[in-house]
Every structure is written in structure tokens, then in C-alpha cells.
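In what follows, a structure is listed as C-alpha cells, so that the remarks can point back to it.
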There are 4 protein chains.
Amino acid sequence: MPPRTGSSDAPRSFVEEARRAQIVRCTIEIIASLGYAQASLATIAERAGISKGVISYHFAGKDELIAQVYTSVMTMAAQRVLPVVEAQPRAQDKLRAYIEGSLAFIADHGPESIALLEIWNGLRTSAGQPVLDARSYEPGLEFLQAIFRQGHAAGEFRRFVPRTMAVAVRSVIDGVLIQRATYGADVDIAESSREIVALFEAATRAVRDDATRSKGPTRKPRAKR
Amino acid sequence: MPPRTGSSDAPRSFVEEARRAQIVRCTIEIIASLGYAQASLATIAERAGISKGVISYHFAGKDELIAQVYTSVMTMAAQRVLPVVEAQPRAQDKLRAYIEGSLAFIADHGPESIALLEIWNGLRTSAGQPVLDARSYEPGLEFLQAIFRQGHAAGEFRRFVPRTMAVAVRSVIDGVLIQRATYGADVDIAESSREIVALFEAATRAVRDDATRSKGPTRKPRAKR
Amino acid sequence: MPPRTGSSDAPRSFVEEARRAQIVRCTIEIIASLGYAQASLATIAERAGISKGVISYHFAGKDELIAQVYTSVMTMAAQRVLPVVEAQPRAQDKLRAYIEGSLAFIADHGPESIALLEIWNGLRTSAGQPVLDARSYEPGLEFLQAIFRQGHAAGEFRRFVPRTMAVAVRSVIDGVLIQRATYGADVDIAESSREIVALFEAATRAVRDDATRSKGPTRKPRAKR
Amino acid sequence: MPPRTGSSDAPRSFVEEARRAQIVRCTIEIIASLGYAQASLATIAERAGISKGVISYHFAGKDELIAQVYTSVMTMAAQRVLPVVEAQPRAQDKLRAYIEGSLAFIADHGPESIALLEIWNGLRTSAGQPVLDARSYEPGLEFLQAIFRQGHAAGEFRRFVPRTMAVAVRSVIDGVLIQRATYGADVDIAESSREIVALFEAATRAVRDDATRSKGPTRKPRAKR
DNA sequence: CATGAATGAGCCTTCATTCAT
DNA sequence: AATGAATGAAGGCTCATTCAT
């Protein structure tokens with residue numbers, strides 16, 4: 001009797017949960033070190049020291065395994081980042097906490113972060129379309145946009161399109177991750193964190209001096225593309 | 001006998017050049033629409049309406065085909081962006097030209113841009129390591145860093161780590177590309193371009209008020225990588 | 001996950017050993033009946049009544065399969081021939097035992113013998129060079145040369161170049177094998193055995209006339225190869 | 001209009017004959033250096049500096065090309081060996097001339113000899129059966145058997161089965177060729193020639209002492225094949 | 001629960017052959 | 001007389017999946 005495939009209602013046994021967790025952990029390591037495309041069930045099973053069939057036994061298929069990895073890492077990241085962010089009252093501080101928290105997570109959980117990126121990049125439907133739920137940064141982007149809206153309402157930020165800024169913040173964080181994945185420990189994440197916090201503070205700060213404001217950047221949308 | 005495999009000196013015939021171009025074009029389309037992993041020779045051949053063997057006839061192998069796609073798109077992008085950037089004397093204007101040019105290329109050559117990104121993400125050595133020459137943004141990053149160094153020397157920019165800022169600029173541009181790839185025409189690239197230009201103008205502008213300056217972020221400009 | 005690819009230490013299961021043996025057996029039959037070049041995995045699998053993938057599952061690749069066939073048959077032949085030869089004290093008798101044993105093996109294990117010959121003839125490196133370890137008869141030739149050297153030392157044999165005589169003996173045995181492969185049961189191996197024993201007895205026997213004898217049998221023992 | 005494919009009656013033009021000869025020559029070289037299995041039309045055409053299609057134009061197919069190579073080399077060898085052999089009145093001298101001539105041909109026409117061997121070994125019908133006309137040594141064997149029968153009739157030779165001895169002679173000659181193909185110039189063919197002549201002189205010589213004769217090996221000379 | 005075994009589709013590549021020019 | 005171009009079958013191999021035990 002194959003164990004639950006999504007819809008079943010019986011709770012998973014303790015042993016089974018442990019196995020699933022172990023498999024997920026190995027999958028993360030493999031994806032991080034070899035890349036999504038090389039993460040075959042055979043490779044994962046070998047790394048985990050188990051038979052290939054076990055994976056199929058505990059997961060409906062490779063898709064469910066990858067989804068589990070995705071969910072698992074996303075949850076870890078959210079637990080690491082969200083509480084700290086929401087503890088800040090001011091939007092500017094929330095933004096800083098978001099950046100610092102995200103990069104700290106990358107520093108502390110390199111393989112998990114890289115796996116996430118690989119899944120975003122590699123996961124496709126059978127028709128070739130990116131799997132939206134996984135691919136899109138929607139939850140993260142929405143969260144950032146909320147911060148920006150709060151900051152706009154409070155006058156903490158200069159005027160800008162929240163979504164574009166949200167995309168920018170996420171992209172830069174992911175960019176650091178890619179650097180880290182490519183060059184390893186040569187990339188100083190603490191330094192990057194300080195730099196990027198400064199970058200977005202400067203980029204979002206409401207202009208103090210109204211004189212400067214007159215040539216403010218988002219005033220007259222430049223016609224030229 | 002597959003025509004030219006590297007060492008031959010004879011020029012390619014007109015017909016062959018046309019076929020190669022056609023195959024490269026179809027490969028770009030396939031990669032852009034289905035992803036790098038799904039871009040098998042069979043799929044490409046089907047899209048091109050030719051037999052699988054034709055690809056092997058015109059290219060030494062899949063590797064050469066992908067390399068050709070990469071080179072071809074990189075060249076297009078460079079020709080679109082570099083001249084405009086270098087025509088600007090001031091670093092601040094160069095940066096704007098770089099962002100505007102890159103995003104304009106994305107707007108005009110969506111499939112090509114996406115294919116490039118997919119190749120960067122997907123190309124691995126057999127050992128699973130990313131292929132550095134392709135994977136790294138090094139040429140682009142170096143170009144941006146040169147702009148930032150010029151701007152620093154001229155006092156146009158506030159102090160920051162050039163490499164981190166370069167990574168940030170490239171990441172944000174790629175982030176817009178991903179949005180475009182995911183949501184298509186719903187993403188207004190012209191607007192994004194204006195926003196991102198403003199973002200980095202604000203992020204790099206030399207601070208007038210020296211008070212802020214005192215806690216200047218970039219202590220030790222570190223060696224690349 | 002393909003079971004054991006060289007480095008693993010776990011013993012093979014009974015079932016797996018049986019499958020490997022079955023596949024090796026079918027490979028021998030195919031090579032013997034269709035030739036080395038026609039022995040594709042598809043053909044072998046079809047003959048074995050299994051799917052092509054099974055072979056890849058049990059063997060690292062075609063190379064390992066062929067190597068296994070080679071080793072397996074060589075071992076059989078050696079076990080059949082060597083003990084009988086070494087039981088003989090005199091070189092002349094050793095030679096006869098070698099010829100009789102080799103031809104008896106051919107008579108009893110036709111397909112295996114033919115497969116061996118096909119592998120010797122067909123196995124090439126990718127550059128087209130014969131694979132020496134397999135191609136060369138070196139082990140067998142060395143064994144024969146040792147017999148001849150013993151016979152020379154004991155004065156049992158007339159003077160001749162041991163290596164050339166060794167090549168001759170092996171060649172004639174292989175020649176009978178080819179006849180057998182070509183004409184099947186029409187070739188009377190027992191008769192051939194008697195004839196060839198007589199042939200080489202006459203060819204190697206020390207000349208009665210001791211005058212010739214005085215100048216010792218092996219003038220210039222030439223470097224092997 | 002494709003040129004003759006076997007049955008046509010029009011004579012071949014001079015140019016066409018030259019092309020065919022050139023292609024045959026290159027095929028011999030390729031087979032000798034890379035082996036039969038690696039001798040693809042592409043390789044041959046490349047070596048010949050012509051387009052692959054030319055071969056198909058001048059030959060009905062690969063089979064006809066190989067057959068042509070075979071015929072061509074066999075003719076060369078026959079012209080080299082047969083006249084010298086037939087000039088000898090005595091069987092013993094004919095045998096020596098045959099061996100010396102054959103080995104001299106090998107020494108002088110290494111590639112051709114190796115190609116012949118490769119074709120014998122590699123050429124199969126589509127059903128996998130060896131192509132008899134090519135594979136069998138029949139013409140050569142028959143020729144040798146005739147010599148032996150003459151020698152038997154004249155009492156020059158001891159009693160033995162002509163066919164077996166013929167197989168032995170051919171096999172040993174081919175064995176030297178294989179050594180030459182494997183080890184190149186390290187193999188001293190002149191020495192081998194002397195040794196092998198001596199070998200078969202000793203092996204075939206009529207026994208002086210009739211006492212030994214009484215247990216003569218060949219009781220019943222059996223029907224060929 | 002877990003496994004070893006087997007499958008079949010798909011991948012990239014090579015090759016003899018065909019054909020319009 | 002020759003060629004460049006294209007084809008389609010087959011080759012070895014990998015992989016997610018299934019299944020009896």
C-alpha cells in the first residue's frame with residue numbers, strides 16, 4: 001500500500017516523517033552541489049545511502065519531492081526572516097531587517113538557499129512552462145510591497161513603484177546568492193549585507209532637501225525608453 | 001562528413017550559414033519557451049521542421065550549438081549596449097545608459113534574453129559545476145565596475161564597493177527579465193527602466209551632506225572575488 | 001542506481017549474479033553467431049528476452065560487459081588447459097598437452113572460443129588502435145615461449161626462435177577455430193588435434209644428427225616484442 | 001544517372017577508373033590504420049579529400065567498395081605469390097616459395113595485408129554470417145592443398161591431412177601479419193620467414209627412418225570438408 | 001517498510017544512403 | 001562528375017517509474 005499521495009488523511013508515522021526529512025535533506029545537498037539538472041533520484045538515493053525505490057515509496061514522485069524541498073526551505077527562510085521584520089515598526093527598519101535577515105539566511109544555510117534558486121530556475125511543468133507557484137517570488141514580493149506601501153504612507157520613502165522596488169530587492173539578494181554559489185567563501189556576505197542595506201536606504205529614502213527634490217528622479221517620467 | 005569542426009579554414013557556404021542561423025534561432029525560441037533542460041535536439045529539430053541529424057550535420061554537437069547561441073546573443077546585446085554607454089563621458093550617464101540599454105534589449109529581444117539567462121543557469125560541466133565562462137557575469141560585471149571606479153575617481157558617486165554595486169545592477173536587470181519571462185507583456189519594461197534608473201541614481205549619488213558621509217560604508221575596497 | 005560500479009565492496013546478490021551470467025552467456029552466443037560488430041546491446045537484450053536497460057543496470061556499460069565476457073572465457077580456457085600442461089614434466093609433452101587442451105576447449109566451447117577471437121579482433125580503442133591487453137596473445141604467447149625455453153634447455157627441441165614458434169602454435173589453433181566457426185561440425189577437431197600435435201612434434205623435435213646440435217639451440221634470444 | 005552497379009555493360013571511363021582506384025587506395029589505408037569498424041565512408045572521404053557522395057557515386061555502396069578492396073588486394077597478392085610458386089617443380093620448394101612470397105608481400109604491402117585481414121575478420125552479411133567468399137581462405141587453401149597432394153604423390157612429404165596442413169600454413173602466415181600489425185617494425189619479417197620455412201620443412205619432410213613411419217598419423221585421408 | 005530488479009522513453013551521436021543541383 | 005545537404009535508423013546510455021517480494 002503506497003503511503004499518502006497528497007490527499008490521504010491519515011497522519012504520517014514518526015518513522016516515515018524521519019525518512020522524508022532525511023531524503024529532503026540529501027536532496028538539498030545534491031541540488032546545491034551538483035545543480036538541479038544533475039539531481040537524479042539515483043544520485044539522491046546514493047547520497048542518502050538508501051535504495052532508489054524508497055524515494056518513490058515516500059514521495060508520489062520526483063515532483064512531490066522537489067515541492068517538499070521547496071516548501072521546507074521556504075518555511076525555514078520565512079521563519080528566519082519574517083518575525084524579525086515584523087518586529088520593526090518603521091518601514092525603513094523593516095526593509096533593512098528583511099535584507100539583513102535574508103542574507104544571514106544565505107550565509108547560514110548556503111545549500112538550502114542554492115537549492116531554492118536551482119529549483120526556481122529549473123522547475124518546469126511537463127509542457128515546459130515554469131511552475132508559477134515555485135518560480136514566482138510572489139509571496140516574497142508581496143511581503144516587500146507591503147513594506148513599501150507602509151513606508152509610502154508614512155512618508156518614509158521617496159515615491160517609486162513598489163513592485164519594481166520589490167523585484168529589485170529580491171533580485172539583488174538572489175544575486176548575492178549566485179555570487180556565493182559561484183565563488184564560495186570568497187564572497188563576504190556580511191560586507192555585502194552592509195552594502196546592500198546602504199544601497200536600498202539611499203535608493204528609497206525620502207529626499208530631505210526640497211531643493212534637491214525639484215529635479216527629483218521620479219518626477220517627470222523620462223520619455224526615452 | 002560534418003562541415004567544419006573547428007579547424008577548417010574554408011568559409012561556410014551561404015546555404016549552410018542560413019541553416020545554422022535558422023537552427024540557432026529555433027534553439028533560442030525553444031529555450032526561451034520551454035527552458036534549457038527541455039531543449040533537446042529532437043525538440044529543436046521538430047520546431048525547425050528538420051530531421052535531428054541536420055543539427056549534428058551543421059554543428060559539431062549540442063555543445064557547439066549552445067555555444068553558438070550564447071555567443072550570438074551576447075554579441076547582439078553587446079552591440080546594442082556598449083556603444084551607447086561609451087558615448088557618455090560621465091559615469092552617472094554611463095550607468096543610466098547601461099541600464100536603459102540593457103532593458104531596451106530585453107524589451108526588443110525577449111526570447112534571446114531569456115535564452116541567455118537559461119543558458120547561464122543551466123549550463124553545467126558533467127561534474128555539475130557551472131561552466132564559468134558562460135555562467136559568470138564576469139565580463140558584464142567588470143564593465144560595470146569600471147564605470148563605478150570612474151565615478152568614484154570623479155567624485156560623482158558616493159563611496160561603495162564597486163563589485164557589490166555591479167552585482168546589484170546586473171541582478172536587478174535580470175530580475176526584470178525574469179518578471180518579463182514570467183508575466184509577459186504585463187510587465188511594463190519602459191516603466192521599470194525609469195524606476196531602476198532612478199533607483200540606482202539615488203543609490204549611487206554622492207551625498208551632498210557630509211554629515212551622512214561620516215559613517216561611509218566602504219571601508220576596505222576588497223580584491224575582486 | 002546501477003549496482004556496484006567498480007569500487008563497491010558488497011558482494012553481488014544471487015539473483016544479480018544469475019542475471020549477469022545470463023547476459024554474459026547471451027552476449028557470447030550473439031558474438032559467436034553474428035560477430036562482434038553486430039553485438040549491440042539491443043541485439044543482446046533481445047536474445048536474452050530482456051529490456052536494453054537491464055544490461056546497463058547490471059553492467060557499468062558495454063565495455064564492462066565485454067570485459068566480463070573476455071575474462072570469463074579466458075578463465076574457463078585457462079582452467080581447462082593450464083593444469084594439464086603443467087602436470088607434464090617434459091617440454092615436448094607440455095606442448096602436446098597445450099595443443100590438445102586448447103583444441104578440446106574449442107571443441108567443447110565453440111561459441112566461447114569464437115567470441116574470444118571476435119573480441120580480440122574487434123576490440124579497438126576509440127582511436128582505432130587495438131586494445132593491447134585484450135588483443136595481444138601475450139599471456140598465451142609467454143606461456144608457450146616458456147615451454148620452448150625449457151625444451152631448449154633440456155635439448156628436447158631443435159633450435160628455433162621461441163617467439164615465432166609460439167606465434168605459430170597459437171595461430172594454428174586459432175586457424176582451426178576459424179575453420180570450425182566457418183564450417184561447423186564438418187571440421188573434425190579430434191583429427192585436427194592429432195594432426196597438429198604431429199605437425200609441431202615434427203617441427204620442434206631435436207634433429208637426430210648430433211653434429212648440428214653442437215652449436216646450441218637458441219643463438220640470439222631476441223627481446224620479447 | 002548513377003554509373004554502373006555491377007551489371008551494366010558500358011566500360012568505365014578512364015577518369016572513373018582513376019577515381020575508383022584512388023578511393024580504394026584510401027580505403028586500404030584507413031582500414032589498415034584504424035580498423036575495419038572505424039572505416040566509415042566519412043573517414044575515407046576525408047582522407048581522400050573528396051566528398052562523401054563521390055563514393056556512393058562510384059560504388060553501388062559500401063559493400064561494393066569493400067569487395068573491390070578485397071579483390072584488388074587479393075589480385076596483387078596472387079600476382080606476387082603464384083608465379084614464383086609455380087615456377088618450382090618440387091612440392092617442397094613450392095611450399096617454401098609460398099611462405100616466402102606471402103611474407104614478402106606482407107613486408108612490402110603492410111597496409112594492404114592488414115586491410116585484407118580486417119576485411120576477413122569484419123565483413124559480415126546483414127544477417128551476421130561471415131561473407132563466405134571473402135571470409136574463407138578457400139582459394140588459398142585449395143592452392144596449398146594441391147601442393148601437398150603433389151608432394152605426397154612424389155613421396156616428398158610425410159603423411160598428413162593436406163587440408164589441416166594448409167590451414168596451418170595460412171594461419172601461421174596470418175599470425176605473423178597480426179604480429180606485424182600489432183607491433184609494427186619490431187617484428188622482423190625476414191627472420192620470421194626463415195623460421196617458418198624451417199618449421200614447415202621439418203613438419204612436412206618425409207621421415208627418413210621407416211621405423212617411425214609405422215605409427216604414421218594419417219590413416220584415412222578424409223574427404224575435404 | 002524497504003529493496004532490488006526491470007522497464008521504456010528519451011537523450012546525443014554516428015553512419016550509410018539518397019537526392020537536387 | 002561531383003557535391004553539399006538531408007535523412008532515418010541504430011548505437012550506447014540515463015532516468016523516473018513500477019512492482020514483486
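In what follows, chains are A, B, ... by sequence order, proteins preceding strands, each numbered from 1.
- Pairing for F:dT21 is with E:dA2, a Watson-Crick or G-U wobble pair whose two hydrogen-bonding atom distances lie under 3.5 Å.
- Nucleotide E:dC11 forms a pair with F:dG12, judged by Watson-Crick or G-U wobble geometry with both contacts under 3.5 Å.
- Atom-to-atom, CZ of A:Phe59 to P of E:dA2 comes out at 12 Å; the value is rounded to the nearest Å.
- A cation-pi arrangement, defined by a distance under 6.0 Å to the six-membered ring centre and an angle within 45 degrees of its axis, is present between B:Lys62 and B:Tyr36.
- Side chain of D:Glu64 to main chain of D:Phe59: no donor-acceptor pair is present (N/O by atom type, distance under 3.5 Å, no hydrogens or angles).
- Comparing atom distances between the A:Tyr57 side chain and each of E:dA2, F:dT7, E:dC15 picks out E:dA2 as nearest.
- Side-chain nitrogen and oxygen atoms of B:His58 include none within less than 4.0 Å of the OP1 or OP2 phosphate oxygen of F:dG4.
- Note on A:Leu41: a base of the nucleic acid sits closer than 4.0 angstrom, heavy atoms only.
- Side-chain proximity of B:Ser56 to E:dT13, F:dG12, F:dA16: nearest is E:dT13.
- In this structure, B:Lys62 atom NZ and E:dC12 atom P are separated by 4 Å, rounded to whole Å.
- Map D:Gly49 and B:Gly53 each onto its nearest nucleotide of DNA chain F; the residue landing nearer the 5' end is D:Gly49.
- As judged by a 4.0 angstrom heavy-atom cut-off over every strand, D:Ser40 is placed among residues touching the sugar-phosphate backbone only.
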Starting from the C-alpha separation in whole Å, work towards a yes-or-no answer on side chain to side chain contact (heavy atoms under 4.5 Å, CB included) for B:Ile31 and B:Ile44. CA-CA 9 Å; B:Ile31 293 181; B:Ile44 295 167; over 6 Å; no

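- As rounded to whole Å, 13 Å separates atom P of E:dA6 from atom CZ of C:Arg20.
- In this structure, D:Glu46 places its CD atom 14 Å from C1' of E:dC15, rounding to the nearest Å.
- When rounded to the nearest whole Å, the span between CD1 of B:Ile30 and P of E:dC11 equals 11 Å.
- One distance of note links CG of A:Leu41 with OG of A:Ser51; it measures 10.5 Å at 0.5 Å rounding.
- Taking the charged nitrogens against the carboxylate oxygens, B:Arg25 and B:Glu112 have no contact shorter than 4.0 Å, which rules out a salt bridge.
- Under the 3.5 Å distance criterion, with hydrogens and angles disregarded, a donor-acceptor pair is assigned to the side chains of A:Thr43 and A:Ser40.
- Look at CD1 on C:Ile55: it is 18 Å from P on F:dC15, rounded to the nearest Å.
- Note: CD1 (D:Ile23) to C1' (F:dA2) measures 11 Å, nearest angstrom.
- Regarding D:Ile44, its CD1 atom lies at a distance of 11 Å from the P atom of E:dC15, rounded to whole Å.
- Each of F:dT7, E:dA6, E:dT13 was ranked by its minimum atom distance to the side chain of C:Val54; first place goes to E:dA6.
- Across the interface with DNA chain E, nearest-nucleotide mapping of C:Glu17 and D:Gly61 shows C:Glu17 to be the residue nearer the 5′ end.
- One donor-acceptor pair, N or O on each side, does fall under 3.5 Å between the base of F:dT17 and the side chain of A:Lys52.
- Within the structure, a side-chain polar atom (N or O) of A:Arg19 is placed less than 4.0 Å from OP1 or OP2 of E:dA2.
- Residue-to-nucleotide proximity on DNA chain F shows that, of B:Phe14 and C:Ala42, the 5′-proximal contact is made by B:Phe14.
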